[in-house]
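To find a chain, count down the sequence lines: A is the first, B the second, and so on, and within it residues start at 1.
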Number of protein chains: 2
Amino acid sequence: MSAIKKSSTNFANKQALADECPEVYAALIIGGQWALVICSWLLNGKLRFGELKKKLPNITERMLTLQLRKLEENKIVKRTVYAEVPPRVEYELTEIGYDLRPVIMQLELWGNKHKELI
Amino acid sequence: MSAIKKSSTNFANKQALADECPEVYAALIIGGQWALVICSWLLNGKLRFGELKKKLPNITERMLTLQLRKLEENKIVKRTVYAEVPPRVEYELTEIGYDLRPVIMQLELWGNKHKELI
DNA sequence: CTCATTACTTACATTTTTTATAGTACCTCA
DNA sequence: TGAGGTACTATAAAAAATGTAAGTAATGAG
């Protein structure tokens with residue numbers, strides 16, 4: 001997830017789409033491999049880095065960090081560092097983060113319906 | 001969008017997530033770069049290949065084809081070929097395709113709210 | 001002094017997705 | 001005969017996302 005190349009066609013396309021379509025804009029924000037699951041877990045309350053890792057057994061620390069950073073940048077999660085040793089860092093959804101609940105619920109509903117159909 | 005490698009960790013992770021979380025399952029299905037916009041347009045009724053292309057000025061024909069194929073595989077769009085020359089092919093949402101409307105609406109709502117905030 | 005713990009970071013490799021470019025078949029109309 | 005329209009396909013390359021493996025800092029416990 002290295003920095004996206006601002007000269008690429010891909011970047012321009014994403015920009016244009018996000019500008020025109022709020023759905024696509026939203027999808028780009030919550031659209032990493034792990035972003036949605038992370039948000040789902042956090043809907044139930046704050047979690048530490050290590051706790052999240054346990055909930056997502058297959059995620060690597062790198063990926064978890066990257067996705068959390070992206071979510072943080074987009075103001076979806078709040079990161080709180082406690083100056084302790086060993087360190088303790090808590091992640092919590094922001095208000096707009098919690099606002100994802102209906103989005104996620106619709107996705108779940110649709111997902112379940114689609115699964116049945118197939 | 002060549003076939004995904006079934007031996008990769010990435011594939012396994014996606015599988016596992018999709019199995020457990022219907023939201024992620026749904027996100028994987030409607031999650032290509034262009035899939036959501038295509039569905040959004042098709043919510044207003046069927047469109048021909050060329051019409052879709054005009055709606056999405058920056059998409060390449062290859063990408064449009066790929067995304068439509070994926071949507072078709074997932075029973076979200078129906079493809080109808082008319083045996084004419086020059087050829088005419090129409091794309092239309094299926095029932096479950098139209099069921100995406102509330103999902104897309106929630107995404108829009110959230111997207112707009114998030115945009116304002118930022 | 002050494003070790004364990006936690007939440008990372010870094011460098012690199014691989015996989016997946018997207019873009020670029022150039023075709024193709026078919027018939028129709030001029 | 002030859003151009004033109006439509007909906008594609010093939011191939012290659014670029015870019016983005018994800019994964020692997022190995023560190024790091026700080027400090028309190030033993």
Side-chain angles (χ1 to χ4, degrees), chain A residues 1-17 24 27-38 46-72 77 79-91, chain B residues 1-17 24 27-38 46-54 56-70 72 77 79-91:
Chain A
M1 217 145 98
S2 43
I4 183 165
K5 224 175 214 177
K6 298 200 176 160
S7 59
S8 71
T9 305
N10 189 251
F11 177 77
N13 283 343
K14 278 184 176 140
Q15 279 278 63
L17 283 173
V24 178
L28 287 177
I29 290 183
I30 58 175
Q33 168 103 71
W34 304 93
L36 258 184
V37 218
I38 291 173
K46 65 173 77 162
L47 288 172
R48 296 180 58 177
F49 184 89
E51 290 172 325
L52 271 171
K53 214 177 86 180
K54 269 175 220 147
K55 306 280 192 189
L56 278 32
N58 300 310
I59 202 173
T60 61
E61 300 193 339
R62 176 179 143 78
M63 267 298 126
L64 185 49
T65 305
L66 283 175
Q67 303 271 345
L68 284 169
R69 286 287 181 286
K70 187 183 160 198
L71 290 171
E72 201 191 345
V77 306
R79 179 164 173 268
T80 312
V81 184
Y82 295 90
E84 303 172 359
V85 168
R88 180 159 66 99
V89 181
E90 285 183 346
Y91 291 92
Chain B
M1 213 145 100
S2 44
I4 183 164
K5 222 175 217 178
K6 299 203 175 157
S7 59
S8 72
T9 305
N10 190 252
F11 177 76
N13 283 342
K14 278 185 175 137
Q15 278 279 62
L17 282 173
V24 179
L28 288 177
I29 290 183
I30 57 175
Q33 167 103 73
W34 305 92
L36 257 183
V37 218
I38 292 174
K46 64 174 75 161
L47 287 172
R48 296 181 57 177
F49 185 88
E51 289 172 325
L52 271 170
K53 213 177 88 180
K54 269 174 219 148
L56 277 32
N58 300 308
I59 201 172
T60 60
E61 299 193 340
R62 176 176 146 77
M63 264 299 121
L64 184 49
T65 305
L66 283 176
Q67 302 272 345
L68 285 169
R69 287 287 181 286
K70 187 183 159 196
E72 201 191 345
V77 306
R79 180 164 174 268
T80 312
V81 184
Y82 295 91
E84 304 172 357
V85 168
R88 180 160 66 98
V89 181
E90 285 184 345
Y91 291 92

Engineer: Check whether any side-chain heavy atom of Arg79(A) sits under 4.5 Å from a side-chain heavy atom of Val77(A), and report yes or no.
Structural biologist: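 No, too far: nothing below the 4.5 Å cut-off.
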
Engineer: Could you report the tightest heavy-atom contact between Gln33(A) and Gln67(A), atom names first, then the distance?
Structural biologist: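 Heavy-atom minimum between the residues: N-NE2, 3.6 Å.
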
Engineer: Measure CG/Leu47(A) against P/dT6(C) and give the value in whole Å, please.
Structural biologist: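 Going from Leu47(A) (CG) to dT6(C) (P), I get 15 Å.
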
Engineer: Take Asn58(A) and Val81(B), find for each the nucleotide of DNA chain D with the closest heavy atom, and name the residue whose nucleotide sits nearer the 5' end.
Structural biologist: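 Mapping each residue to its closest nucleotide by heavy atoms, the 5'-most match is Val81(B).
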
Engineer: Does some side-chain heavy atom of Leu68(A) sit less than 4.5 Å from a side-chain heavy atom of Phe49(A)?
Structural biologist: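 Side chain of Phe49(A) against side chain of Leu68(A), heavy atoms only: contact under 4.5 Å found.
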
Engineer: Measuring only between side-chain heavy atoms, which start at C-beta, is Trp34(B) closer than 4.5 Å to Leu66(B)?
Structural biologist: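 SC-SC contact between Trp34(B) and Leu66(B) ruled out.
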
Engineer: Any side-chain N or O of Arg79(A) under 4.0 Å from OP1/OP2 of dA7(C)?
Structural biologist: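 Arg79(A) to dA7(C) OP1/OP2: no side-chain N or O under 4.0 Å.
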
Engineer: With a 4.5 Å limit on heavy-atom distance, are the side chains of Leu28(B) and Leu17(B) in contact?
Structural biologist: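 SC-SC contact between Leu28(B) and Leu17(B) ruled out.
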
Engineer: Is the distance from OP1 or OP2 of dT18(C) to the nearest side-chain N or O of Gln67(B) less than 4.0 Å?
Structural biologist: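 Yes, because at least one side-chain N or O of Gln67(B) sits under 4.0 Å from OP1 or OP2 of dT18(C).
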
Engineer: Tabulated below should be each protein N or O lying under 3.5 Å from an N or O of nucleotides 4-6 of chain D; please produce it.
Structural biologist:
| from | atom 1 | to | atom 2 | distance (Å) |
| --- | --- | --- | --- | --- |
| dT6(D) | O3' | Arg48(B) | NH2 | 3.1 |
| dT6(D) | O3' | Pro87(B) | O | 2.9 |

Engineer: Roughly how many Å is it from CH2 in Trp34(B) to C1' in dT17(C), rounded to a whole number?
Structural biologist: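 Those two atoms, CH2 and C1', are 13 Å apart.
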
Engineer: Touch check for Tyr91(A), heavy atoms < 4.0 angstrom, all strands: base, sugar-phosphate only, or nothing?
Structural biologist: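 Sugar-phosphate: the residue Tyr91(A), judged by heavy atoms under 4.0 Å, touches backbone atoms but no base.
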
Engineer: Taking all non-hydrogen atoms of both residues into account, name the closest pair between Glu51(A) and Arg48(A) and its distance.
Structural biologist: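 Smallest interatomic distance, heavy atoms only, reads OE1-N, 2.6 Å.
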
Engineer: To the side chain of Arg62(A), which of dA11(C), dT9(C), dT19(C) is closest?
Structural biologist: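 Closest nucleotide to the Arg62(A) side chain: dA11(C).
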
Engineer: Nearest-Å distance, NZ (Lys53(B)) to C1' (dA7(D))?
Structural biologist: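 Distance check: Lys53(B) NZ to dA7(D) C1' gives 9 Å.
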
Engineer: Write down the distance between NZ (Lys5(A)) and C1' (dA14(D)), rounded to a whole number of angstrom.
Structural biologist: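 It is 8 Å, rounded to the nearest whole Å.
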
Engineer: Rounded to whole Å, how long is the line connecting atom CE of Met63(A) with atom C1' of dT14(C)?
Structural biologist: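 After rounding, the reported distance stands at 12 Å.
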
Engineer: Closest approach of Asn58(B) and Ala16(A), non-hydrogen atoms and distance?
Structural biologist: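 What the structure gives for the nearest pair is ND2-CB, 4.4 Å.
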
Engineer: Closest heavy-atom contact between Glu90(B) and Tyr82(B)?
Structural biologist: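 For Glu90(B) and Tyr82(B), the tightest heavy-atom pair comes out as OE1-OH, 3.2 Å.
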
Engineer: Under 3.5 Å, which N/O atoms of the protein pair with N/O atoms of nucleotides 1-3 of chain D?
Structural biologist:
none

Engineer: Just how far, in rounded Å, is P of dA7(C) from CD of Glu90(A)?
Structural biologist: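 Rounded to whole Å, this separation is 10 Å.
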
Engineer: Write down the atom of Leu36(B), the atom of Ala27(A), and the distance for their closest heavy-atom approach.
Structural biologist: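 Shortest heavy-atom contact: CD1-CB, 3.5 Å.
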
Engineer: Any side-chain heavy atom of Ile38(A) within less than 4.5 Å of one from Leu64(A)?
Structural biologist: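 Side chain of Ile38(A) against side chain of Leu64(A), heavy atoms only: contact under 4.5 Å found.
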
Engineer: What is the distance from atom CG of Asn10(A) to atom CD of Gln15(A), rounded to the nearest 0.5 Å?
Structural biologist: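 Asn10(A) CG to Gln15(A) CD: 11.0 Å, rounded to 0.5 Å.
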
Engineer: To the nearest 0.5 angstrom, please state how far the CZ atom of Arg88(A) sits from the OG1 atom of Thr80(A).
Structural biologist: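 Reported value, rounded in 0.5 Å steps: 9.5 Å.
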
Engineer: Without decimals, in angstroms, what is the distance between Gln33(A) CD and dT15(C) C1'?
Structural biologist: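 So the CD-C1' distance, Gln33(A) to dT15(C), works out to 11 Å.
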
Engineer: Can you list, by residue number, the residues of residues 6-16 of chain A that have a non-hydrogen atom closer than 4.0 angstrom to DNA chain D?
Structural biologist: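 Per residue number, the list reads Ser8(A), Asn10(A), Lys14(A).
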
Engineer: Expressed in angstrom and rounded to an integer, what is the separation of Leu36(B) atom CG from dT18(C) atom P?
Structural biologist: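 Going from Leu36(B) (CG) to dT18(C) (P), I get 12 Å.
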
